[in-house]
Amino acid sequence: MNQTLTRPMEFPVSLQDIQTAHQRIVPYVHRTPILTSESVNEIAGCELYFKCENFQKVGAFKARGGVNAVLSLPEEQRKKGVVTHSSGNHAQAIAMAAKMAGIPAYIVMPKTAPEVKRKAVAGYGAQITLCEPTQQSREENAVRIQDETGATFISPYNDYSVITGQASCAKELMEDQPGLDAIIAPVGGGGLMAGTLLSVHYMDNKIDVYAGEPEGAKDTYLSMQTGEITKVDHPNSIADGLLASMGEKNFGIIKPLIKDVFLVTDQEIIEAMRLIWERMKIIIEPSCAVPMAALLKNKEVFAGRKVGMILTGGNVDLAKLPF
């Protein structure tokens, strides 16, 4: 899938932008640890280095992009607050960042969002509006609130300040674990994946970057096949954090840089999630298990290599465990 790069590529986000964003958010987010597991390495047939964003503030990498986006806003704009739509982790990130900045946060969440995520958003003092579990309903409600309040809309992923914040995750991974051959992460709306690709592109472009994606929400996979954004009408997967449609800004970065996109079934996601819980004794959510499932399904691609894997979050509804 990777296209041959014949000339230096130019992107709307520079290495300087990523470094500035990282400095901006450092006081507010964790530099998460990188864990290893010999038993998981044996099963996977490669050396795995897990960047544990499940230990991040709000329990997910989304804290990075959310904090950067809110703190990047001019003071006048910031006062009127921020609005977004999200099934949970980005919602928590924006709610937390708004609380830190002392400004209002208006969050549109689908009625199907996990209870644990809804409670967390409310805990940060955000105003929650529940909507139908469709992209259209999310967007319409967000626009309405924006019109009523004058708040600034911050996309969960299709926003360069969000992408730049998410890029800090792979930046830390490469700084703390040099010599990686590959990095794999999940892809939904594409904010983390675009940020990861940019950090790798600027810092060590010999590293191959792969995405894992659920079969039931395979718009990135289809978009790479067609060369343009191709939506899935009714995305459905246990990986609730990956149901968002690919953003245009994200795809413009992902398309020329990504090595490959691997699809996995819900059953494969559940098995990978269980493996991490059992062998590493850490809690990860289904969306977070997608790259592990993808790696186990495509062992020959990663055999004997040093692979960084971004564990994106650990916000699990414990009343609805799939095992």
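The first residue in the sequence is number 1, and the count goes up from there.
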- Message: Would you say M273 ends up clustered with F50 if hydrophobic residues are merged whenever their side chains have heavy atoms under 4.5 Å apart, either directly or through other cluster members?
- Response: yes
- Message: Taking atom CD as the centre, does E75 end up with more than 12 heavy-atom neighbours from other residues, nucleotides or ligands that are less than 6.0 angstrom away?
- Response: yes
- Item | Cation-aromatic face contact K249/Y160, 6.0 Å, 45 degrees | yes
- Message: Assess, by modelled atom type and distance only, whether the side chains of N54 and E285 contain a donor and an acceptor separated by less than 3.5 Å.
- Response: no
- Note on the structure: side-chain contact (heavy atoms from CB on, under 4.5 Å) filter on D266, not counting sequence neighbours, yields S237, I238, I269
- Message: In the structure I gave you, are the side-chain heavy atoms of V82 and L73 within less than 4.5 Å of one another anywhere?
- Response: yes
- Message: Could you tell me if the side chain of V58 sits less than 4.5 Å from the side chain of M96, heavy atoms only?
- Response: yes
- Indicate whether any N or O donor in one side chain lies under 3.5 Å from an N or O acceptor in the other, for T32 and Q56. no
- Give a yes or no on this: more than 12 heavy atoms of other residues, nucleotides or ligands lie within 6.0 Å of atom CZ of R279. no
- Item | Working for side-chain hydrogen bond (donor to acceptor under 3.5 Å, both in side chains), residues E215 and T265 | CA-CA 5 Å; E215 280 272 7; T265 65; over 6 Å; no
- E47/E38 under side-chain contact (heavy atoms from CB on, under 4.5 Å): CA gap, chis, key distance, verdict: CA-CA 8 Å; E47 286 182 43; E38 285 188 19; over 6 Å; no
- Message: Nearest 0.5 angstrom please: T220 OG1 to L263 CG, how far?
- Response: 9.5 Å
- Message: Give me the atom names and distance for the closest heavy-atom approach of G195 to A167.
- Response: O-CB, 3.3 Å
- Query: Do Y106 and I128 belong to the same hydrophobic cluster, where Ile, Leu, Val, Met, Phe, Trp and Tyr are linked whenever their side-chain heavy atoms lie under 4.5 Å apart, directly or via other members?
  - Reply: no
- Message: Quiz question: by atom type and distance under 3.5 Å, do the side chains of E140 and Q136 form a donor-acceptor pair?
- Response: yes
- Item | Test item: V162 and N68 side chains (from C-beta on) under 4.5 Å apart, heavy atoms | no
- Run the numbers on W277 and I283 for side-chain contact (heavy atoms from CB on, under 4.5 Å), then give the verdict. CA-CA 6 Å; W277 279 55; I283 291 175; 3.7 Å; yes
- T84 and S86 side chains, donor-acceptor separation under 3.5 Å: no
- Message: Using the rule given for side-chain contact (heavy atoms from CB on, under 4.5 Å), can you reason through T312 versus L192, listing the C-alpha separation, both sets of side-chain angles and the distance that settles it, and then say yes or no?
- Response: CA-CA 9 Å; T312 48; L192 176 69; 3.4 Å; yes
- Looking only at atom types and distance, does a side-chain atom of K255 sit under 3.5 Å from a main-chain N or O of M224, one as donor and one as acceptor? no
- Message: Is there a continuous path of hydrophobic side-chain contacts, each under 4.5 Å between heavy atoms, that joins V261 to F302?
- Response: no
- Query: Does the N250 side chain pair with the main chain of A194, one donor and one acceptor, at a distance under 3.5 Å?
  - Reply: no
- Message: Quick check: closest heavy atoms across V307 and L180, and the distance to 0.1 Å?
- Response: C-CD2, 4.1 Å
- Query: Taking atom CD1 of I254 and atom CD1 of I229, what is their separation to the nearest 0.5 Å?
  - Reply: 9.0 Å
- For L243 and P235 the tightest heavy-atom approach is O-CG, 3.5 Å
- Query: Under a 4.5 Å side-chain heavy-atom rule over Ile, Leu, Val, Met, Phe, Trp and Tyr, are I154 and V108 clustered together?
  - Reply: no
- Within one Ile-Leu-Val-Met-Phe-Trp-Tyr cluster: I282 and L295, side-chain cutoff 4.5 Å: yes
- Query: Can you tell me how far the CG atom of L198 sits from the OG1 atom of T196, to the nearest 0.5 Å?
  - Reply: 9.0 Å
- Message: I'd like to know if the side chain of D204 and the backbone of V200 have a donor-acceptor N/O pair within less than 3.5 Å.
- Response: no
- Please report the C-alpha distance between K51 and E172 in whole Å, then the side-chain angles of each, then the deciding distance to 0.1 Å, and finally whether the side-chain contact (heavy atoms from CB on, under 4.5 Å) criterion is met. CA-CA 9 Å; K51 175 68 168 162; E172 289 179 2; 2.7 Å; yes
- Message: Could you check whether K80 and T149, counting side-chain N and O atoms only, form a donor-acceptor pair closer than 3.5 Å?
- Response: no
- If we ignore angles and hydrogens, is there a donor and acceptor under 3.5 Å between the side chains of R64 and S168? yes
- Item | Approximate separation, where rounding is to 0.5 Å, of R138 CZ and S245 OG | 9.0 Å
- Would you check if the side chain of D219 reaches a backbone N or O of M246 as a donor-acceptor pair within less than 3.5 Å? yes
- Message: Within the 4.5 Å heavy-atom criterion, are P214 and N236 side-chain neighbours or not?
- Response: no
- Is there side-chain contact between F153 and D159, with at least one heavy-atom pair below 4.5 Å? no
- Message: Within a 6.0 Å radius of atom CD on E175, are there more than 12 heavy atoms belonging to other residues, nucleotides or ligands?
- Response: yes
- More than 12 heavy atoms of other residues, nucleotides or ligands under 6.0 Å from OH of Y202: is that the case? yes
- Query: Should we say atom NZ of K299 is surrounded by more than 12 heavy atoms from elsewhere, each under 6.0 Å from it?
  - Reply: yes
- Any side-chain heavy-atom pair of S223 and E228 under 4.5 Å: no
- Task: Begin from the C-alpha positions of D317 and K117 and carry the test salt bridge (Lys or Arg N to Asp or Glu O under 4.0 Å) through to its verdict.
- Result: CA-CA 8 Å; D317 191 338; K117 295 182 180 180; over 6 Å; no
- Query: Is it true that D181 and K206 make a salt bridge, defined as a side-chain N closer than 4.0 Å to a carboxylate O?
  - Reply: no
- Query: Would a 4.5 Å heavy-atom cut-off, applied to side chains only, mark I183 and Y210 as touching?
  - Reply: no
- Nearest-0.5 Å distance, CE of residue M174 to OG of residue S199: 5.0 Å
- Taking the six-membered ring for Trp, are the ring centroids of Y221 and F262 within less than 6.0 Å of each other? no
- Here the pair of heavy atoms bringing I34 nearest to L173 is CD1-CD1, 3.7 Å
- Give the minimum heavy-atom separation between M193 and I258, together with the two atoms involved. SD-CD1, 3.8 Å
- Message: Could you tell me if T152 and Q77 have a donor-acceptor pair between their side chains, going purely by distance under 3.5 Å?
- Response: yes
- Message: For a quick check under 3.5 Å, do T20 and Q23 share a side-chain donor-acceptor pair by atom type?
- Response: no
- Message: Could you tell me if the side chain of M100 sits less than 4.5 Å from the side chain of V67, heavy atoms only?
- Response: yes
- Hey, what do you get for CD (E278) to OG (S37), rounding to the nearest 0.5 Å? 12.0 Å
- Item | H90 ring center near Y157 ring center (under 6.0 Å) | no
- Minimum heavy-atom distance R31-H22, with the two atoms named: NH1-CE1, 3.8 Å
